[in-house]
Amino acid sequence: MRLIDRRGRPAWHDRPVATIALLHGPNLNLLGQREPHIYGSATLADYEALVAAVAERHGHTVSAFQTNHEGQLVDAIHAARGAADAIIINPGAFTHYAWSIHDALAAFSGPIIEVHISNPNAREPWRHTSVVAPVATGSIMGLGMHGYELAVEAIARKLAS
Ligand code: DHK
């Protein structure tokens with residue numbers, strides 16, 4: 001039996017599974033150890049597990065990757081073309097100056113959510129610029145882990161619309 005939602009579309013479990021690429025940039029491998037007064041005590045594995053669990057609730061799957069190297073993050077974004085339907089990205093400090101990340105994301109056609117654990121706009125002035133924001137579908141910042149949950153919810157809704 002095919003279930004239909006309120007808008008007459010197939011219920012999520014009858015829709016094709018989408019893959020969300022979850023990409024983290026430099027120093028985020030140190031989550032849980034690094035400046036816990038800013039970034040909290042959750043580890044990168046905790047973030048990846050949360051995103052996978054929320055995605056699974058929507059019938060989607062997650063492919064997670066972290067790197068400290070700009071070129072590797074560009075390669076991962078290129079690899080997401082054709083392999084992933086959406087991207088959640090926290091580019092770490094690359095956010096503020098890495099135009100190569102901007103250009104790579106501009107070549108991705110699905111929804112892109114930029115996420116930051118802290119609120120860069122409430123921190124040092126050099127963190128107030130994001131070169132990623134202009135090519136993101138949306139940006140979420142300052143909400144810690146909850147921001148990642150919201151990012152998956154936003155993507156699930158975009159992909160279903
Ligand atoms: C993470 C970083 O590593 C910083 O360089 C950014 C971001 C903020 C975050 O809050 O997740 O400025």
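Start at 1 and go down the list; that is how both ligands and their atoms are numbered. The figures here come from the full heavy-atom set of this structure, side chains too, leaving out hydrogens, waters and symmetry mates.
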* Distance-only donor-acceptor check, side chains Glu153 and His58, under 3.5 Å ->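 Yes, a side-chain donor-acceptor pair sits under 3.5 Å.
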* **Distance-only polar pair, side chains of Ser100 and Asp103, donor-acceptor under 3.5 Å** =>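 There is no such pair between these side chains.
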* How are the rings of His96 and His116 set to each other: parallel, tilted or perpendicular (split at 30° and 60°)? ->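 Rings of His96 and His116: parallel, as their planes differ by under 30°.
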* Could you check whether the rings of His24 and Tyr47 sit parallel, tilted or perpendicular, using 30° and 60° as the cut-offs? =>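 The rings of His24 and Tyr47 stand perpendicular, inter-plane angle above 60°.
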* To do: Working to the nearest 0.5 Å, report the span between CD1 of Ile155 and CD1 of Ile20.
  =>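 Going from the CD1 atom of Ile155 to the CD1 atom of Ile20 covers 5.0 Å.
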Check residues 129-144 and write down every donor-acceptor pair under 3.5 Å in which the side-chain atom is one partner and the other belongs to a residue at least two apart or another chain.
from, atom 1, to, atom 2, distance (Å)
Ser130, OG, Glu114, OE2, 2.8
Ser130, OG, Val132, N, 3.2
Ser130, OG, Ala133, N, 2.9
Thr137, OG1, Ile112, N, 2.8
Thr137, OG1, Ile112, O, 3.3
Ser139, OG, Glu114, OE1, 2.5

Could you give the N/O to N/O pairs under 3.5 Å linking ligand 1 and the protein, each with its distance?
from, atom 1, to, atom 2, distance (Å)
ligand 1, 3 (O), Arg34, NH1, 3.1
ligand 1, 3 (O), Arg34, NH2, 3.0
ligand 1, 5 (O), Ala93, N, 3.1
ligand 1, 5 (O), Arg127, NH1, 3.2
ligand 1, 10 (O), Ile117, N, 3.2
ligand 1, 10 (O), Ser118, N, 2.8
ligand 1, 10 (O), Ser118, OG, 2.6
ligand 1, 11 (O), Asn90, ND2, 2.8
ligand 1, 11 (O), Ile117, N, 2.8
ligand 1, 12 (O), His96, NE2, 2.7
ligand 1, 12 (O), Arg127, NH1, 2.8

